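What follows is a short report on a single structure.
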There are 2 protein chains.
Amino acid sequence: MGKCESCIIREFNSLKSLTREELIRISACKTGKRYKKGEIIFEEGESLNGVYCIRDGVCKLTKLSENGKDQVVKLVVKGDLLGKRSLVADQKTNLSAIALNDMEMCFIPKSEIMNDLAKNPNFTMDVLKDMANELRTSEESLVTMAQKSVKRRMAEILMYSHDNFGLDEEGFLSIVLSREDYASIVGTATESAIRILSQLKKEGLISTHGKRIKIEDYTGLKWIE
Amino acid sequence: MGKCESCIIREFNSLKSLTREELIRISACKTGKRYKKGEIIFEEGESLNGVYCIRDGVCKLTKLSENGKDQVVKLVVKGDLLGKRSLVADQKTNLSAIALNDMEMCFIPKSEIMNDLAKNPNFTMDVLKDMANELRTSEESLVTMAQKSVKRRMAEILMYSHDNFGLDEEGFLSIVLSREDYASIVGTATESAIRILSQLKKEGLISTHGKRIKIEDYTGLKWIE
DNA sequence: CGTACTATTGAATCATTTCAATTCGGGTGG
DNA sequence: CCACCCGAATTGAAATGATTCAATAGTACG
């Protein structure tokens, strides 16, 4: 496992505001963790005793609704810091994290982060800004859920995947989700998600091969309402 | 207008972490503002040049969806600090604020707050915790919107109003919203909101008098799914 | 007293869920 | 390499939930 002070991942998150000395200290006490596709990283209600810095892979953050279904709240990727919120608020985590890929991450113990948070105002400010942005996107998703049709929401997650995770050699979305995952992101029944996807297929906007999806007409997706 | 250092409202928000000196400085540069019911405090996309500390009244924070409808994201009340997020992230505001009551608030200019944020780590940490909590509730609302029925969401806002704004002398919810506001909170069409309310009335869970609503069976509301 | 909103209701239509079959694809063991 | 199996994907059809448009009734306010 490499050293934090020479790790480029940190440029993508708030850790970039730490001093060289702080990074060296963190480097000394961090541990590496690997998770296989489908593995649970942590579950809603657990107390986290640190944050996870994602080096590779994608995971979903979900929350169990009272109706018994999981809702995906956010997809997190390389560079994201997981568990900030719980640490800062000193609360049990409100979300579960489940790997969608094989993942590689560094785990930084709570005490070390809290220490830096207390002593390095730049770092605190950076975490604060980050949280402000998360809040904005969360509010945007809330409006999307409340106001847009299932079809529109599906189109949005397809475009999001395209923009953020890219395509494989054959032009399929490189992140492969089950229909159930799509349903849980869009906030609908699995069969509904499937139905919407086959509708999009009929309309020529996408094509599929097994669970893999290829976007055939990005612009077309954009205009769905 | 009173002095911040002797104002009890600040105990309800992050301003409680400021020192006496900081409060005196803020007190000197703050201005008082009043808004009448229905007045716009600020609109999505504006740059705020300060934060609003609510001394009295309630307002709704809304976001315009692409379908042309407003969605209420949050109700804010006495003690809340409005505009933190935009200031911290140094972005235009993502929400509009509209008074639901006659309101009384103090406006604290950006420079003063940002100065304190930079120099008082306790204050920064407090704002950070606050934002972490806002993020949690936003994520909870997101799940509610995605997974629960309109009827259930309506029941929740009624219980929320009961718990947070209380009742008037006659036992009606003391916050009076239009049916359109209810629809915009619940994320549905106005007629749907009306229909749900009359359904609840038929079931004996609530009664109404004009736009005023009285909860007749709180426990009954709780069990709606 | 009107006027102007706001609330309410009906009926038709559209969107989404549900349950019950099938079909398909990918991995396993022979 | 191929037959088989299992879980995931797909589809149909009925039922339920929500929206829309249009018409009517209330209420508040000047």
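Below, read A as the first sequence line, B as the second, and so on, with proteins coming before strands; counting in each chain starts at 1. For clarity, every value in this text was computed on a predicted model and none was experimentally measured.
- A salt bridge between A:E140 and A:R136 is present, with a side-chain N of the basic residue lying under 4.0 Å from a carboxylate O of the acidic one.
- Across all strands, B:S178 comes closer than 4.0 Å only to sugar-phosphate atoms, never to a base (heavy-atom distances).
- Here the P atom of nucleotide C:dT17 and the CZ atom of B:R152 are 18 Å apart, to the nearest Å.
- Residue B:N67 contributes atom CG, which lies 12 Å from atom C1' of D:dT19 at whole-angstrom precision.
- Computed from coordinates, the A:K37 NZ to D:dA8 P distance equals 11 Å when rounded to whole Å.
- Just one residue in the list B:L95, B:L64, B:T93 forms a side chain to side chain contact (heavy atoms under 4.5 Å, CB included) with B:E44, and that residue is B:L64.
- A salt bridge does not link B:K60 with B:D70: none of the charged nitrogens is closer than 4.0 Å to a carboxylate oxygen.
- At least one donor-acceptor pair closer than 3.5 Å links the side chain of A:K214 to the backbone N or O of A:E170.
- Rounded to whole angstrom, the span from the NZ atom of B:K151 across to the P atom of D:dA18 amounts to 10 Å.
- Residue A:S192 has a polar side-chain atom (N or O) positioned under 4.0 Å from OP1 or OP2 of C:dT17.
- Judged purely by distance below 3.5 Å, without hydrogens or angles, the side chains of A:K148 and B:S65 never pair a donor atom with an acceptor atom.
- To the nearest angstrom, P of C:dA15 lies 13 Å from CZ of A:R153.
- Contacts of A:S149 with the nucleic acid, taken as non-hydrogen atoms under 4.0 Å apart, involve only primed sugar atoms and P, OP1 or OP2.
- Between B:K69 and D:dT20 there is a side-chain polar atom (N or O) within less than 4.0 angstrom of OP1 or OP2.
- Listed in residue order, the members of residues 193-225 of chain B having a heavy atom less than 4.0 Å from DNA chain D are B:R195.
- Between B:K84 and B:E134 there is a salt bridge, since at least one side-chain N of the basic residue sits less than 4.0 Å from a carboxylate O of the acidic one.
- One can place CE of A:M154 at 14 Å from C1' of C:dA15, the figure rounded to the nearest angstrom.
- Between the side chain of A:R152 and the main chain of A:S149, no donor-acceptor pair closer than 3.5 Å is present.
- B:R179 places its CZ atom 20 Å from the C1' atom of D:dT20, with the value rounded to the nearest Å.
- Residue whose closest nucleotide on DNA chain C sits further toward the 5' end, between A:V150 and B:E191: B:E191.
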